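Take a look at the structure set out below.
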Amino acid sequence: MNHQIFDFVGGETGLWRVLKIETVVGQPIQQVPFLNIVQSTGIPHSSNGWVLKGFRSNTRYTERLELDQLIAIQAELGRTEAICAALIPIRKTEAWWALAQDERRKIFEDQSKHTATGLKYLPAIARRLYHCRDIGEPFDFLTWFEYAPEHAEAFEELVHHLRGTAEWQYVDWEIDIRLIQTDK
């Protein structure tokens, strides 16, 4: 597994043009016109906006059968037709992190059906999760999605469904950033 840190740089330039930045819950972040995603070098960016950092890690809260299903049908990022994207940074409450791993798993999957819901939208919607909590970032996760324009409605359904689950009662900061690729 690649534990390389990635920088999500909101600023004046980038591969992705920002269509909107909406605060779902919590404090807003600065509006910026573009987003770029780069491997972190540890050198500060000259962006007049913001930088969110995250790393890929092992898949958590999933059992073997669920993981095998995800791997079998999920699409890779960077598909030429997937010119739409969403970056959704999320922070969970301290109450969430105070729960034991098995208690979080019950809420995540048994009650909220997070993986089962996501499977319904694969492979049309590609996704990747970046972890932030362990590196001292303000958000716990950066969720990244890519999809073709014809799957925009399906993406809205997915997000709406997930936000209505028991798991989302533990979210105290969520920003929804919608993007479109600039060079396609």
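Computed from a predicted model, the values in this text were never measured in an experiment.
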| request: Would you kindly confirm whether I90 and L162 end up in one hydrophobic cluster when ILVMFWY residues are joined by side chain heavy atoms under 4.5 Å apart? | output: yes
| query | Would you call K120 and H161 a side-chain contact if the rule is heavy atoms closer than 4.5 Å? | reply | no
| query | Residues two or more places apart in sequence or in another chain: which of them pass side-chain contact (heavy atoms from CB on, under 4.5 Å) with P149? | reply | I83, C84
| Contact check, side chains of Q4 and R56, non-hydrogen atoms, under 4.5 Å | no
| Would you say the side-chain atoms of R79 pair up with the backbone N or O of A124, donor to acceptor, closer than 3.5 Å? | yes
| query | Does F34 have any ring-ring contact (aromatic ring centres under 6.0 Å, His included) partners at least two apart in sequence or in another chain, and if so, which? | reply | none
| remark: dist T165:OG1 -> E109:CD (nearest 0.5 Å) comes out at 10.0 Å
| remark: When rounded to the nearest 0.5 Å, the distance separating OG1 of T117 from CG of L122 is 11.0 Å
| field | Under 3.5 Å: donor-acceptor pair, side chain of R104, backbone of L99 | value | yes
| task | First locate atom CH2 of W97, then atom OG1 of T93, and finally report the distance between them rounded to the nearest 0.5 Å. | result | 9.5 Å
| query | Quick one: side-chain contact (heavy atoms from CB on, under 4.5 Å) partners of A166, sequence neighbours excluded? | reply | I107, Q111, S112
| field | Contacts of H114 that satisfy ring-ring contact (aromatic ring centres under 6.0 Å, His included) - sequence neighbours left out | value | F108
| note | In short, salt bridge (charged side-chain N to carboxylate O under 4.0 Å, His left out) pairs touching residues 153-166 with sequence neighbours left out are E156-R178, R163-E174, R163-D176
| query | Taking all non-hydrogen atoms of both residues, which atom of C132 and which atom of L142 are closest, and how far apart? | reply | SG-CG, 3.4 Å
| query | Should R91 and D140 count as an ion pair when the cut-off is N to O under 4.0 Å? | reply | no
| query | V32 versus W50: any side-chain heavy-atom pair under 4.5 Å? | reply | yes
| request: Mind checking the CD1-CG spacing from I175 to L52? Nearest 0.5 Å is all I need. | output: 9.5 Å
Name every donor-acceptor pair, under 3.5 Å, that has one atom in a side chain of residues 20-28 and the other anywhere in the protein, sequence neighbours excluded.
| unit_1 | atom_1 | unit_2 | atom_2 | d |
| --- | --- | --- | --- | --- |
| K20 | NZ | E22 | OE1 | 3.3 |

| remark: With sequence neighbours left out, the residues meeting ring-ring contact (aromatic ring centres under 6.0 Å, His included) with Y170 are W96
| By side-chain contact (heavy atoms from CB on, under 4.5 Å) - contacts of L77 (at least two apart) | A126, R128, W144, E146
| Sequence neighbours excluded, which residues qualify as salt bridge (charged side-chain N to carboxylate O under 4.0 Å, His left out) partners of E94? | R133
| Honestly curious: do W168 and F145 fall in one hydrophobic cluster under the side-chain, below-4.5 Å linking rule? | yes
| Verdict with supporting geometry, T13 and N36, side chain to side chain contact (heavy atoms under 4.5 Å, CB included) | CA-CA 7 Å; T13 62; N36 208 19; 5.9 Å; no
| field | Any L179 side-chain heavy atom under 4.5 Å of L87 side chain | value | yes
| note | With sequence neighbours left out, the residues meeting ring-ring contact (aromatic ring centres under 6.0 Å, His included) with F8 are Y130
| If we only count heavy atoms from C-beta on, is the I88 to I177 side-chain gap below 4.5 Å? | no
| task | Consider only side-chain heavy atoms of I, L, V, M, F, W and Y, link residues closer than 4.5 Å, and tell whether F139 and W16 are in one cluster. | result | yes
| note | Sequence neighbours excluded, the answer for side-chain contact (heavy atoms from CB on, under 4.5 Å) partners of I135 is I5, K53, F55, E137
| All pairs passing salt bridge (charged side-chain N to carboxylate O under 4.0 Å, His left out) where residues 33-43 contributes a residue, at least two apart | none
| query | Hey, what do you get for CG (L15) to CG (L35), rounding to the nearest 0.5 Å? | reply | 9.0 Å
